[in-house]
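Just below is one structure, and these are the notes that go with it.
Basis for what follows: all heavy atoms, side chains included, without hydrogens, waters or symmetry-related copies. Proteins get letters first, then strands, A, B, ... in listed order; numbering begins at 1 in each. Keep in mind that this is a model prediction, so the values were computed, not measured.
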Protein chains: 2
Amino acid sequence: MDIRKVAAKARVSTATVSRTINRSDAVTPATAAKVWSAIRELNYHPNTHARTLSSGKSHILGLIISDITNPFFPDLVKAFESIAIERHYETIVTNTEYNPERMALCVHRLLDRRVDGIAIMTSEMEPGLVDEVQRAGVPIVTLDTGRPAKRFSNIKVDYSGGIRQAIQHLVGLHHDRLAFIRGPQRLKSAQVRYNAYARVAKENHLTTSGGLIADGEHSIEGGFTAMLNLLPQKPTAVLASNDLSAIGALQALHHKKLNVPGDISIVGFDDITFSRHTQPELTTVRIPRTEVARLAFEALMSTPASENGKEWNVSTELVIRMSTGQCPRTRS
Amino acid sequence: MDIRKVAAKARVSTATVSRTINRSDAVTPATAAKVWSAIRELNYHPNTHARTLSSGKSHILGLIISDITNPFFPDLVKAFESIAIERHYETIVTNTEYNPERMALCVHRLLDRRVDGIAIMTSEMEPGLVDEVQRAGVPIVTLDTGRPAKRFSNIKVDYSGGIRQAIQHLVGLHHDRLAFIRGPQRLKSAQVRYNAYARVAKENHLTTSGGLIADGEHSIEGGFTAMLNLLPQKPTAVLASNDLSAIGALQALHHKKLNVPGDISIVGFDDITFSRHTQPELTTVRIPRTEVARLAFEALMSTPASENGKEWNVSTELVIRMSTGQCPRTRS
DNA sequence: CTGTTAGCGCTTTCAG
DNA sequence: CTGAAAGCGCTAACAG
């Protein structure tokens, strides 16, 4: 079942069949109709590999993430795939498992498959790999990594703005001892969040003594421990670098029979699905992942083979739920 | 950069290069060495599409799931991909979004990409589609759907056994009013769980009056509502068809200021990651998803082009955590 | 507007 | 054990 059979049945050349499949407008509606009906009758499906081979475009996109098991990613992946499907692209998703070697492997596999673009959503990236992709002539888009260059775009999330939204919310509730649970400082996105906390806290004349900073490793367990370490410093509110560690903090407080937000307020970052279901529901800074996915796709599509990419900005949104309230000391 | 350049550099024919790449043992170690070094020097990567076109094997597998956003799936997907990579297969993951039309679309897209096998892990399946895949000559494996047939394998999870484990655990704790939160009855896997509950409860001479059954839709919200509806019937323990609805039940009880397991015991099903982090930690029946992924891959690999598939069994495991305890009425 | 034809890069007989 | 050559199924000039 190949294009020749269709051509024969429709009594045209294979070129014409190819043209009508590709919706070239250089085909008379009449002949196109003949071809389509032949296609239907024979239940013909073009061979994508043959297509790729001769056209040079695979219509496959690569999406690299850290770990599909991390609740940050599923929404992103889902959104990216939906958009891709809509635009008739297939997507291959690969996990780096936070491992640089594995990241290199992912990139190479995608390059071998001759993908038409690679979206790297891991907030870490070896510059060497970007080069390689660029040399391969494949558009690439990353999350918070580097500046636009040849075929290279970047999506920039306004983490600082998000932290500022959170702190202002807390300050508005009269909190004055604001602790921070950091993420792994080797992650650029975690660094940025921490720096923003330090800066904005200072702007608001809040103490940021060492005791108010703890490391939460961006995990529930880490957040739990971090919160326990923070407790002796009597913070009135705690800002976590991501939702997972905020959830850990929530559990630690529950464990210590402290009330949230009665005794302490908690704010997360990311707005993973589960944040809506914690006890109490978590106030958090949302990263609009659907939007990120959309921009990533757009960036890949809009980067003509030889042009420079651009920088795409996305801003965060404070989602106020039940884990934040008036500072206990200032309540009537 | 193609196979010809390599052949030229190594001073052999393209056939020989092809053979050494494919590790045919019809190549002298000496010539193979020459070829490999040429490959390395030129940094040659075979074009997978050309390969697929002429060999007929794409080395791509399709993995169809309902929704990557459902916490049941990420582990499964991750495990499947790791195994696939290890064995040098690429995998394309697609979401049906619980929609039959979309499922058909997924299957067709995969067939168009000439995948070497399709794993459908959705616990729902149109028989028509299976036929189509079979006719296309592509091995297929499903989860709890139908009996083995030509190139068609099935993985059978022992849901009944799981329900039995849960009920026996509860009976051992002297519970006698055991409620059940059902899943959507159009899902075969949910039906099986419900039927098993009814049967095993009866075997143990427990009441299963209508009031002890509620619909939880396999979601947190659904579980919440279901639990509220169950409360007037004063169950001493509740078994949920999946963890999400068990988590909803937990929240409902918390909301009503009831203690788990002091007042009521709760058991979930699946053992999603988050079950370890609920308050209290959820006792649940684990479906070993890594094992399921492994078997699915194995099933696809071990189905020679024209042979019948087989049935692969996987059993569940009761994970006892903190949400179950002695029946309150029978405590000293 | 349609047909002819030369590849795309690799695998695979078939000879030798 | 190695090479020559015929495709795999499609696209893209180039003619007409």
At a heavy-atom distance below 4.0 Å, which nucleotide of DNA chain D is the first touched by chain B, and which is the last? D:dC1 to D:dG9
Spell out protein contact along nucleotides 6-16 of chain C as letters: B when the base is contacted, S when just the sugar-phosphate is, - when no protein heavy atom is under 4.0 Å; keep the 5' to 3' order. -BBBBBBB---
Could you tell me whether A:Asp116 and A:Lys57 have a side-chain N and a carboxylate O separated by less than 4.0 Å? yes
Short N-O contact, B:Glu90 and A:Arg109, less than 4.0 angstrom: yes
Which word best sums up how the rings of A:His59 and A:Tyr89 line up, parallel for under 30°, tilted for 30 to 60°, or perpendicular for over 60°? parallel
Working for side-chain hydrogen bond (donor to acceptor under 3.5 Å, both in side chains), residues B:Arg135 and A:Asn43: CA-CA 12 Å; B:Arg135 269 199 308 275; A:Asn43 188 236; over 6 Å; no
Can you list everything that forms a side-chain hydrogen bond (donor to acceptor under 3.5 Å, both in side chains) with A:Thr142? Sequence neighbours excluded, please. A:Asn154
If the threshold is 4.0 Å, N to carboxylate O, is there a salt bridge linking B:Lys78 and A:Asp67? yes
Is B:Arg289 salt-bridged to B:Asp75, cutoff N-O under 4.0 Å? yes
